[in-house]
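Here's the structure, in structure tokens; my notes come after.
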Amino acid sequence: MRTYKYLSLIVILAMALTACGGGAAATQKQIKVAILAPLSGAQPTFGTSTRDGALLAIDEWNAKGGVLGAQIVPVVEDSQCKADAAVNAANKVINQDKVHYIVGEVCSSASIPVSEIADANKVVQISPTSTNPSVTVDANGNVKPYVFRACFIDPFQGTVGAKFALGTLKAKTAFIMEDQSNDYVKGLATYFKQAFIAGGGKIVGDESYTGKDTDFSAIIAKISAAQPDIVYLPDYYNVVNLVTAQAKQAGIKATFMGGDGWDSSSLDTKSADGGYYTNHYSPDDPSPAVQNFLKAYGAKYKDDKGNPEKPDALAALAYDATNILLTSIKNAGVDDSTKVRDAMAAINFTGVSGNVTYDKDHNPVKSAVILAVRNNKVEYDTTVNP
Ligand code: PHE
């Protein structure tokens with residue numbers, strides 16, 4: 001009798017505990033955030049930095065209790081900076097993981113097709129770094145309601161580069177190199193040309209190549225003959241490394257310039273020495289926002305030797321983009337992508353890479369920095385306001 005009593009007590013206790021535990025787990029709310037980043041492919045540093053910046057923001061929110069009482073669960077996918085891989089990743093996170101929110105992609109050629117899928121599924125997408133105008137605006141010039149970005153756009157970036165070339169570097173002539181199959185490269189080359197010509201400069205050569213090319217000797221021979229002051233090469237660091245190494249070998253003296261695509265810990269600063277590029281942020285900025293971010297990032301991420309990692313612009317923008325998203329969810333007060341979209345459109349947010357309020361095309365108006373490749377490293381040169 002006694003044993004039976006105790007047994008039943010134990011059973012009841014066990015049931016109560018399970019119920020409690022089960023109940024707690026069931027009511028433990030989660031909000032998933034997809035991070036689409038190129039972890040493999042030709043630009044792997046873009047992916048690592050983007051993932052790490054986004055995860056740092058998510059960790060900080062979770063440490064303070066998450067958002068709307070829910071834990072934030074990252075769903076990281078390798079989207080390779082390629083349209084097809086990014087489309088597969090977007091379909092997977094939307095259809096299988098049922099996410100309502102995407103941070104990504106990095107590269108414009110991948111973010112553009114993802115934006116169509118996100119918008120059609122009413123999934124809020126914020127690209128940290130894709131600067132081509134077509135990411136947020138469709139072919140008819142209408143904004144995609146669910147799509148945003150955390151960075152400035154290329155008409156601004158190209159103009160800043162051209163004005164710097166004409167004004168500070170006193171360039172009169174420029175030679176353009178462009179990969180016509182890359183939306184970002186093609187767009188930025190066009191905006192630079194327009195601004196350079198409008199400012200009185202002359203284009204003395206404009207040559208195309210493809211993303212698969214590794215031998216640039218034919219174009220370099222043309223640069224050698226044209227003797228431009230500037231070679232504008234608005235491509236990603238892996239292409240910049242190849243071209244500048246071969247140009248150095250061939251004795252080219254022109255100043256190489258480019259855009260944010262140069263920003264990588266794998267940029268070959270020896271070959272690109274003497275070059276300049278436009279970017280979103282510099283870790284040398286003494287402002288508290290930047291310095292606090294550097295501290296938090298370095299505390300979480302270490303290099304092979306155990307030294308704190310220095311975040312690049314991709315890490316800073318992924319951190320900002322994730323914070324913009326989570327703040328918008330908080331401001332909306334509900335995990336409803338349409339309400340979050342409206343909250344995002346109305347946000348006034350101060351991040352590491354500057355202040356963000358959205359114009360009608362969901363683009364923030366932000367300043368750019370010019371970085372110089374000098375003394376075997378990348379140094380801050382100037383800030384240019386819009
Ligand atoms: N702006 C580039 C694009 O649109 C991506 C990029 C941003 C790369 C910042 C490096 C640094 O494709």
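None of the values given here were measured: they were computed from a predicted structure. We count ligands from 1, going down the list as the structure has it; atoms in each ligand are counted the same way. All values below come from the heavy atoms of this structure, side chains included, with hydrogens, waters and symmetry mates left out. Numbers here are sequence positions counted from 1.
Residue contacts with ligand 1, taken as heavy atom pairs separated by less than 4.0 Å, involve L314 solely via side-chain atoms from C-beta onward.
Note on ring orientation: taking the six-membered ring where Trp is involved, the planes of F148 and H362 are parallel (angle under 30°, cut-offs 30° and 60°). In this pair, F293 and Y319 present their aromatic rings tilted. The plane angle is within the 30 to 60° band. Relative ring orientation between W262 and Y277 is described as tilted, the plane-to-plane angle lying within the 30° to 60° band.
Rounded to the nearest 0.5 angstrom, L325 CG and D320 CG are separated by 12.5 Å.
Within the structure, ligand 1 has S130 among the residues with a heavy atom less than 4.0 angstrom away. Within the structure, ligand 1 lacks Y237 among the residues with a heavy atom less than 4.0 angstrom away.
Close approach of ligand 1 to T131 is summarised as follows: ligand atoms under 4.0 Å from at least one heavy atom of the residue are 1 (N), 2 (C), 3 (C), 4 (O). Every atom of ligand 1 with a heavy atom of Y236 under 4.0 Å away is listed here by number and element: 3 (C), 12 (O).
In the candidate list D263, D154, V106, V106 is nearest to atom 5 (C) of ligand 1, counting heavy atoms.
The nearest heavy-atom contact from the protein to atom 4 (O) of ligand 1 is S108 OG, 2.5 Å. Annotation: atom 7 (C) of ligand 1 to nearest protein heavy atom, D260 OD2, 3.2 Å.
Taking the six-membered ring for Trp and the full ring otherwise, Y184 and Y236 have centroids separated by under 6.0 Å.
Taking distance alone, with nitrogen or oxygen atoms compared against 3.5 Å, T129 approaches ligand 1 more closely than that limit.
Taking a 6.0 Å sphere around NZ of K186, one finds it holds 12 or fewer heavy atoms contributed by other residues, nucleotides or ligands.
Under the 3.5 Å distance criterion, with hydrogens and angles disregarded, no donor-acceptor pair is assigned to the side chains of D361 and T136.
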